[in-house]
*Asks:* 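Got a structure here, written out as structure tokens. Questions coming.
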Protein chains: 2
Amino acid sequence: MRIAEASEACGLSAYTIRFYEKSGMLPKIERGPDGHRRFTPRLIEWLTLLYWLRETGMSLKQMRRFTTLAKAGDTGIAERRKILADHADTLKAKRAKLEKCEEVLAIKIASYGPDTKEDDP
Amino acid sequence: MRIAEASEACGLSAYTIRFYEKSGMLPKIERGPDGHRRFTPRLIEWLTLLYWLRETGMSLKQMRRFTTLAKAGDTGIAERRKILADHADTLKAKRAKLEKCEEVLAIKIASYGPDTKEDDP
DNA sequence: GTAGCGGGTTAGAGTTACTCTAAGTCAATG
DNA sequence: CATTGACTTAGAGTAACTCTAACCCGCTAC
């Protein structure tokens with residue numbers, strides 16, 4: 001699979017995939033005789049997971065750590081699980097924040113009401 | 001009110017408040033005779049709204065537009081309401097994405113299960 | 001056979017939104 | 001009167017992309 005298809009499949013742009021590789025957040029990617037990257041289904045799965053992690057705000061540093069552990073094999077599973085569990089917790093907090101903001105917006109929008117005049121700021 | 005208190009009250013760091021002022025996203029801030037900014041309750045309210053907007057991912061450009069409209073007074077209310085309503089929509093989408101990611105994480109975590117061995121990446 | 005197209009490759013510059021540092025001012029306190 | 005602590009500024013540094021420039025390679029069309 002070539003990079004355009006991989007990008008399509010995982011949700012990350014080709015730029016980002018190359019950037020992640022440079023930044024050491026991907027396992028070794030094999031190259032064809034023409035020097036082009038060859039994406040396996042397994043790699044696509046990995047990229048897709050990274051897509052979700054970054055899309056929900058995980059730092060590159062954390063993602064790098066996560067990949068390092070995965071490359072190391074079974075020994076890192078406990079820490080990998082912890083990283084994901086911690087991230088799930090921050091997602092819950094983020095969701096709460098979004099809900100809170102939706103409330104704030106609803107109130108603010110209502111204050112501009114159908115015929116109300118506001119005087120911000 | 002001085003900047004440290006303002007920061008405390010609105011949730012934005014003092015750095016960020018100064019940066020927002022430089023970037024034209026705040027109404028004119030009065031200065032004391034010592035050259036220090038003086039934060040009124042009205043300004044704090046404004047900063048707090050901006051805090052919520054940026055915390056939930058609104059771009060500076062959009063926030064700048066919003067402030068500009070607010071400075072212009074009543075004429076901009078319709079567009080301001082639209083900006084907030086649109087933002088509320090994107091928040092709903094974001095929330096859905098978070099939920100989806102929480103699912104993905106739950107599945108991945110389960111795959112590392114209490115005694116399962118995985119072989120990523 | 002070579003001109004051009006559509007993919008890929010790299011290094012490195014540009015962007016966004018902060019975040020921090022350096023160097024300085026001023027008011028109050030020991 | 002020196003130090004402390006809070007503020008001021010300009011500008012450097014950072015994270016995470018995002019894009020540009022310059023290039024290579026294989027293919028079809030003339």
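Residue numbers start from 1 in every chain, and the chains themselves are labelled A, B, ... in the order their sequence lines are given, proteins ahead of strands. As a basis for the values below, the full set of heavy atoms in this structure was taken, side chains included, without hydrogen atoms, waters or symmetry mates. Note that the structure is a prediction, hence the values are computed from the model and not measured.
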*Asks:* Could you state the CD1-P distance from A:Ile17 to D:dA16, rounded to the nearest angstrom?
*Replies:*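 Going from CD1 in A:Ile17 over to P in D:dA16 covers 18 Å.
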*Asks:* Report the distance from atom CZ of B:Phe39 to atom C1' of D:dT8, rounded to the nearest whole Å.
*Replies:*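 Rounded to the whole Å, the gap is 12 Å.
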*Asks:* Measuring only between side-chain heavy atoms, which start at C-beta, is A:Glu79 closer than 4.5 Å to A:Phe66?
*Replies:*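 In short, these two side chains do not touch, never coming nearer than 4.5 Å.
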*Asks:* Any Lys/Arg nitrogen of B:Arg31 or B:Glu21 sitting under 4.0 Å from an Asp/Glu carboxylate oxygen of the other?
*Replies:*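 Salt bridge between B:Arg31 and B:Glu21, a charged N being under 4.0 Å from a carboxylate O: yes.
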*Asks:* Decide, yes or no, whether a salt bridge links A:Arg42 with A:Glu30 under the criterion of side-chain N to carboxylate O below 4.0 Å.
*Replies:*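 Salt bridge between A:Arg42 and A:Glu30, a charged N being under 4.0 Å from a carboxylate O: no.
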*Asks:* From the options A:His87, A:Arg95, A:Lys94, select the one residue that forms a side-chain contact (heavy atoms from CB on, under 4.5 Å) with B:Glu102.
*Replies:*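 Of all the options given, the one that passes is A:Arg95.
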*Asks:* Please give, in whole Å, the distance from D:dC27 P to A:Asp34 CG?
*Replies:*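 To the nearest whole Å, that distance equals 10 Å.
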*Asks:* Base, sugar-phosphate, or nothing: which does A:Ser23 touch, judged by heavy atoms less than 4.0 Å apart?
*Replies:*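 The residue A:Ser23 makes no contact with any strand.
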*Asks:* Select one nucleotide: of C:dT9, D:dT8, C:dC18, the one nearest the side-chain heavy atoms of B:Leu60.
*Replies:*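 So the side chain of B:Leu60 is nearest to C:dC18.
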*Asks:* Do other residues, nucleotides or ligands put more than 12 heavy atoms under 6.0 Å from B:Glu99 CD?
*Replies:*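 Atom CD in B:Glu99 is packed in, count exceeds 12.
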*Asks:* Report the distance from atom CD1 of A:Ile3 to atom P of C:dT10, rounded to the nearest whole Å.
*Replies:*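 In whole Å, C:dT10 P lies 8 Å from A:Ile3 CD1.
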*Asks:* Separation of B:Phe19 atom CZ from D:dT9 atom C1', in whole Å?
*Replies:*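 So the CZ-C1' distance, B:Phe19 to D:dT9, works out to 15 Å.
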*Asks:* When we call it a touch if two heavy atoms are under 4.0 Å apart, what does B:Arg18 touch: a base, just sugar-phosphate, or nothing?
*Replies:*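 It contacts base atoms.
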*Asks:* Side chain of B:Arg37, heavy atoms from C-beta onward: which of D:dA16, C:dT10, D:dT9 has the nearest atom to it?
*Replies:*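 For B:Arg37, the side-chain atoms sit closest to D:dT9.
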*Asks:* Quick one: label B:Arg38 by what it contacts on the DNA or RNA (base, sugar-phosphate, nothing), any heavy atom closer than 4.0 Å.
*Replies:*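 Here B:Arg38 touches no strand at all.
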*Asks:* Has B:Arg64 got a side-chain N or O lying under 4.0 Å from the OP1 or OP2 atom of C:dT16?
*Replies:*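 For C:dT16, neither OP1 nor OP2 has a side-chain N or O of B:Arg64 closer than 4.0 Å.
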*Asks:* What is the distance from CD of A:Glu8 to C1' of C:dG8, rounded to the nearest Å?
*Replies:*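 That distance rounds to 17 Å.
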*Asks:* Within this structure, what is the CD-to-C1' distance between A:Glu21 and C:dT9, rounded to whole angstrom?
*Replies:*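 In whole Å, C:dT9 C1' and A:Glu21 CD are 11 Å from each other.
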*Asks:* What's the closest nucleotide to the side chain of A:Tyr20 if the choices are D:dC17, D:dT8, C:dG7?
*Replies:*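 Of all the options, the side chain of A:Tyr20 is nearest to D:dC17.
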*Asks:* Do the side-chain N or O atoms of B:Arg2 get closer than 4.0 angstrom to the phosphate oxygens (OP1, OP2) of D:dA6?
*Replies:*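 False: B:Arg2 side-chain N/O out of range (4.0 Å or more) of D:dA6 OP1/OP2.
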*Asks:* Kindly point out which of D:dT8, D:dC7, C:dG7 is positioned nearest to the side chain of A:His36?
*Replies:*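 Closest of the options to the side chain of A:His36: C:dG7.
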*Asks:* Nearest whole Å is fine: how far is C:dG8 P from A:Met1 CE?
*Replies:*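 Between P of C:dG8 and CE of A:Met1: 12 Å.
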*Asks:* Would you say A:Ile44 and A:Thr48 make side-chain contact, with heavy atoms under 4.5 Å?
*Replies:*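 The answer is yes, as the side chains (C-beta and beyond) meet within the 4.5 Å cut-off.
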*Asks:* Return the 5'-most residue of the pair A:Thr16, B:Lys22 with respect to DNA chain D, ranking by each residue's nearest nucleotide.
*Replies:*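 Looking at DNA chain D, the more 5' nearest nucleotide goes with B:Lys22.
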*Asks:* As a test of reading the structure: which of C:dT19, D:dG11, D:dT8 is closest to the side chain of B:Arg54, going by heavy atoms?
*Replies:*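 Looking only at side-chain atoms, B:Arg54 lies closest to C:dT19.
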*Asks:* Compare the minimum distances between each of C:dG8, D:dT18, D:dC17 and the side chain of A:Tyr15, then state the nucleotide with the smallest one.
*Replies:*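 Of the options given, the side chain of A:Tyr15 lies nearest D:dT18.
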*Asks:* Across the strands shown, which category fits A:Ser13 at heavy-atom distances under 4.0 angstrom: base, sugar-phosphate, nothing?
*Replies:*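 Result for A:Ser13 = nothing.
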*Asks:* Checking all strands, does B:Ala4 fall into the base, sugar-phosphate, or nothing category for heavy-atom contacts under 4.0 angstrom?
*Replies:*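 Sugar-phosphate contact only.
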